[in-house]
Amino acid sequence: MAALSYHLYYQLTFLSTFLFLIPHTTQLQSSQSWSLLRIQHLLNYPSVLSQWHDYTDFCYGAAENASASVVCYQDSVTQLHIIGNEGTPPLPKTFSMESFFTTLTRLPDLKVLTLTSLGLWGPLPTKISRLSNLEIVNISSNYFFGAIPHEISRLSNLQTLILDYNMFSGQVPDWLTKLPLLAVLSLRNNTLDGNIPDSIGSLSSLRSLTLSSNNLSGDVPDLTGLKNLQILDLENNSLGPNFPKLERRIITVVLKGNKFTGGLPSDLGSFYLLEHLDLSSNRFVGPFSPLLLSLPSIKYLSIRGNRFTGTLVRNMSCNEELGFVDLSENLLSGNLPACLDLSSQHSKAVLYSGNCLGSTNNSSDKQNPLVFCQNQALAVGIVPPQKEGNTEKKKASVAVAIIGGVVLGVLLGAILVFFAVRKKNDRKASNKAPRRLVEHVSSAYPSKLLTDARYISQTAKLGALGIPQYKSFSLVDLEAATNNFEKSNLIGEGSYGQMYRGRLSNGTSVIIRCIKVKKGQSTQNFNRHIETISKLRHRHLVSALGHSIEYNLEDSTVSQLFLIFEYVPNGNLRNKISHGVDGQNLSWTQRISAAIGVAKGIQFLHGGIIPGLFANNLKITNVLLDQNLGAKICSYNLALLSENTKLEIEAEGLSLGLLKEFSEREMHGGEIDIYDFGVILLEIVSGKPITSHHEVLIMKSLLQSAIASDCAASRKAIADPDACKTCSDESLRTVMEICLRCLSKDPPQRPSIEDVLWNLQFAAQVQEGWHADSFSSEGSPVSPSQPCRPTN
Ligand SMILES: *[C@@H]1O[C@H](CO)[C@@H](O)[C@H](O)[C@H]1NC(C)=O
Ligand SMILES: *[C@@H]1O[C@H](CO)[C@@H](O)[C@H](O)[C@H]1NC(C)=O
Ligand SMILES: *[C@@H]1O[C@H](CO)[C@@H](O)[C@H](O)[C@H]1NC(C)=O
Ligand SMILES: *[C@@H]1O[C@H](CO)[C@@H](O)[C@H](O)[C@H]1NC(C)=O
Ligand SMILES: *[C@@H]1O[C@H](CO)[C@@H](O)[C@H](O)[C@H]1NC(C)=O
Ligand SMILES: *[C@@H]1O[C@H](CO)[C@@H](O)[C@H](O)[C@H]1NC(C)=O
Ligand SMILES: *[C@@H]1O[C@H](CO)[C@@H](O)[C@H](O)[C@H]1NC(C)=O
Ligand SMILES: *[C@@H]1O[C@H](CO)[C@@H](O)[C@H](O)[C@H]1NC(C)=O
């Protein structure tokens with residue numbers, strides 16, 4: 001026995017020493033430092049890298065800048081961001097894209113690569129495929145030319161590919177389906193031509209597709225398979241004639257400046273998440289559906305520059321959130337709906353010139369005479385709106401020919417007015433367009449943080465075994481999981497927001513916390529917190545399975561955060577040890593193993609993630625049990641989850657007093673947790689709920705005298721008789737001793753979590769040995785109360 005425990009002790013001390021040795025910051029491999037400096041050289045020493053020197057400690061944040069930063073994991077670069085100045089001219093003739101990428105491939109662990117506005121010129125080298133860990137690539141605003149290389153399809157981890165503002169030519173790749181994780185594809189402002197390949201329609205992870213400002217033509221392939229698509233931007237191409245087939249949960253649709261004709265699909269009115277619809281500068285015809293003004297989510301609607309017809313009436317209704325409406329240059333008649341009157345809501349921008357609307361109060365809004373719209377409408381109205389565009393054209397011209405003679409004079413005059421107005425309004429409309437939703441796109445970024453795992457130590461990695469992979473969820477997933485956040489699934493509500501139970505499509509039960517976010521929280525701040533949350537994955541924590549972020553689309557700030565945690569089915573620890581509550585009382589062995597679980601969870605919170613989480617307000621009721629009676633801590637001091645938090649302090653600016661209090665809490669947070677753990681242990685031993693400080697003091701003094709006693713029975717007397725039917729005295733005593741030490745009044749006197757763990761494991765070993773002995777010797781267990789009868 002002694003030999004065993006000595007051996008165990010030795011091993012554990014060695015182990016815990018080892019854990020302390022795991023470095024928190026690291027020194028970059030010198031070859032990688034050299035590569036970074038070489039990159040600086042090849043880029044011709046841009047001013048954004050003026051801080052990079054031979055002696056720069058790249059991994060330690062010394063080279064950090066909003067425009068240039070390096071992130072490392074262990075001793076290797078995982079992220080490289082260099083953002084040059086807008087309009088940087090091409091690098092000199094001596095620049096070689098091939099050598100530049102050769103140098104880049106010497107950073108083999110790169111996951112995130114941003115190289116924008118650096119004057120890079122040349123074809124994108126095929127050796128980019130050697131950077132096989134790449135997840136996010138943004139090489140916008142350079143002078144890349146030639147085809148997008150097929151080798152990119154080997155980057156099987158790629159989630160985000162942004163090649164905006166370059167001179168890539170050829171077709172939109174049809175091998176993108178080889179990138180199963182691709183969520184963001186942006187090829188804005190290149191010189192791509194041809195059709196959009198049908199294979200785009202099977203990129204099931206795609207959330208944002210931007211192909212604007214190319215020379216693409218033909219019909220858009222069926223996109224109804226893209227269940228996650230939120231943003232579709234096809235502006236300034238020659239696409240058409242048919243309106244794209246879309247999944248109705250899309251949020252942003254920009255078809256501006258293409259060759260779409262015909263009518264709108266009749267189911268557009270059921271696109272309940274649609275916030276931004278821009279159909280301007282196409283050749284749409286047919287009646288304008290007033291439903292578009294009252295779509296439940298619509299905020300931005302432009303139909304400018306088409307040939308929509310119909311009569312508007314004053315009593316039409318609009319969605320209240322509608323902030324921008326442009327109806328200009330169509331064939332609308334009647335009166336502007338009252339809900340669009342500028343006076344009714346001055347934050348709205350409403351444009352409607354170049355129609356045939358009557359009696360608007362503004363003499364300068366340039367409406368055409370009614371007859372203009374009527375005649376034009378007659379011309380295009382012959383065509384049923386659903387029909388294909390080319391038949392429309394033919395029939396329309398026939399109609400014009402028939403009516404032509406009669407109205408030619410009127411028409412000519414009107415057309416002149418029409419074009420005059422059109423020109424004048426063009427500029428205004430584009431100024432009023434809201435800022436692009438860049439943040440929305442970058443919501444792919446948090447997911448990189450998950451796998452990046454910069455700081456996860458060995459403890460963390462081992463602990464996370466068996467927990468499903470962390471991922472980001474879509475709001476649609478969460479709605480499905482909770483039956484649209486149905487009341488019956490609500491299991492808690494606080495000032496932070498609500499908590500729901502739910503079931504994911506794969507059958508996993510989850511808890512979803514909906515956290516309200518104060519206005520103006522920066523996305524960056526959030527990414528940091530989400531990074532922490534994504535690391536909270538350990539067997540003995542109720543772990544985070546993922547998150548979902550909702551954005552305000554106007555200003556890209558975060559409006560709501562959803563955190564998804566695993567659901568733990570077996571109730572809390574108190575109910576399994578205090579008499580009668582749950583019908584099932586844990587045995588002594590089970591209790592020690594639960595205590596070990598809690599201690600491991602604490603060890604992870606303190607040291608398995610950086611920054612560690614301390615002062616976690618640990619309570620026995622916050623320790624849940626899974627189906628195997630494994631313990632999981634369900635409440636930890638995570639800024640986003642607790643009330644009095646760092647996040648709020650950060651957000652609101654610090655008073656000095658608060659800062660001091662906060663850092664003290666942080667400083668002694670570890671010892672506070674040990675004390676709280678002692679209270680849990682007390683309850684585990686005694687089997688009695690302990691609900692006040694007073695009770696702790698009483699139990700402590702009982703424990704003290706019991707430990708001091710020579711008689712095992714006096715220890716059994718205060719232990720839960722249920723549990724101690726079969727407990728060895730040595731095991732019980734070891735747990736009591738460590739419990740007492742945890743409850744020391746003076747924080748520095750309390751043991752470290754490693755010390756606690758060692759003692760508990762020892763208690764478990766002793767118990768196991770005892771158990772085995774007692775069975776093997778006589779064939780029946782030795783009565784535990786044999787050595788010394790309890791006195792009671
Ligand atoms: C940050 O980048 C700018 C260029 O955008 C540069 O002028 C400045 O020196 C950099 N600052 C630091 C601290 O690296
Ligand atoms: C690509 O990076 C640049 C520079 O950081 C940024 O301005 C731009 O928004 C990024 N593109 C996308 C689509 O996120
Ligand atoms: C593409 O971007 C360049 C520079 O930003 C701009 O001059 C050009 O007009 C853009 N092309 C299109 C088609 O928008
Ligand atoms: C766009 O493609 C058409 C042919 O489809 C071609 O005639 C035209 O010149 C191209 N425009 C540009 C700017 O490349
Ligand atoms: C689309 O083209 C129009 C006219 O050529 C131009 O004013 C607008 O800036 C372009 N939009 C984009 C996003 O490039
Ligand atoms: C609008 O008013 C007209 C009569 O002026 C009425 O026939 C119509 O039902 C009203 N529509 C709505 C939506 O209230
Ligand atoms: C025009 O102004 C008058 C009085 O200011 C108001 O009663 C009327 O509703 C307005 N008409 C329109 C179409 O805005
Ligand atoms: C009248 O219309 C013009 C152009 O559409 C606009 O600039 C002006 O602000 C409007 N005036 C009022 C009083 O609404």
Side-chain angles (χ1 to χ4, degrees), residues 43 46 48-49 64-71 79-88 112-120 134-142 144 158-168 182-192 206-216 230-239 252-260 276 278-282 300 302 304-305 326 329 422-448 522-524 527 551 553 555-556:
L43 290 177
V48 287
L49 301 185
E64 198 101 349
N65 194 321
S67 303
S69 61
V70 172
V71 174
Q79 301 190 23
L80 174 63
H81 303 267
I82 308 175
I83 300 166
N85 298 318
E86 226 173 280
T88 302
V112 183
L113 178 63
T114 309
L115 298 169
T116 62
S117 305
L118 292 170
L120 299 172
L134 280 177
E135 293 173 11
I136 298 177
V137 174
N138 179 349
I139 50 170
S140 303
S141 307
N142 285 292
F144 285 96
L158 199 63
Q159 298 166 14
T160 294
L161 180 62
I162 298 165
L163 309 177
D164 299 346
Y165 302 105
N166 278 290
M167 303 181 303
F168 283 108
L182 194 65
V184 176
L185 176 64
S186 190
L187 307 175
R188 179 197 308 274
N189 197 331
N190 282 281
T191 53
L192 302 169
L206 205 60
R207 286 194 282 151
S208 174
L209 176 60
T210 304
L211 301 173
S212 52
S213 299
N214 281 285
N215 196 10
L216 303 172
Q230 298 179 336
I231 299 179
L232 176 66
D233 182 356
L234 304 175
E235 182 171 346
N236 285 359
N237 282 287
S238 304
L239 296 162
T252 296
V253 176
V254 181
L255 303 181
K256 177 179 177 178
N258 277 286
K259 296 188 173 161
F260 293 104
H276 184 114
D278 189 344
L279 306 174
S280 57
S281 307
N282 278 289
Y300 180 108
S302 175
R304 158 187 289 271
D326 190 348
E329 287 146 40
R422 183 181 186 134
K423 203 163 200 174
K424 197 162 157 199
N425 281 311
D426 255 3
R427 191 178 305 148
K428 203 186 308 151
S430 57
N431 285 346
K432 289 211 171 125
R435 212 161 66 73
R436 290 218 59 80
L437 308 175
V438 173
E439 292 301 325
H440 215 29
V441 166
S442 69
S443 60
Y445 278 55
S447 56
K448 103 224 169 193
S522 81
T523 319
Q524 214 160 25
N527 287 349
Y551 293 89
L553 284 191
D555 54 7
S556 305

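When a ligand or atom number is given, it counts from 1 through the structure's own listing order. The structure displayed is predicted, hence computed values, not measured ones.
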Pick whichever of V137, I82, I83 has a heavy atom sitting closest to atom 5 (O) of ligand 2. I83
Among T210, L115, N138, closest by heavy atom to atom 6 (C) of ligand 2 is N138
Checking heavy atoms under 4.0 Å, the part of R188 that sits near ligand 5 is neither
Touching ligand 5 at all, S213? Heavy atoms, strictly under 4.0 Å? yes
List for me each residue that meets side chain to side chain contact (heavy atoms under 4.5 Å, CB included) alongside S117, sequence neighbours excluded, and say none if there are none. T88, S141
Quick one: do the H276 and T252 side chains pair a donor with an acceptor below 3.5 Å? no
Whether the side chain of T191 engages the backbone of F168 through a donor-acceptor N/O pair (distance < 3.5 Å, no angle test) should be reported. yes
So, the side chain of N258 versus the backbone of S238: is there a donor-acceptor pair under 3.5 Å, distance only? yes
Please identify which atoms of ligand 2 are closer than 4.0 Å to at least one heavy atom of T116. 2 (O), 3 (C), 4 (C)
Tell me which one of I139, N85, N142, L49 satisfies side chain to side chain contact (heavy atoms under 4.5 Å, CB included) with L118. N142
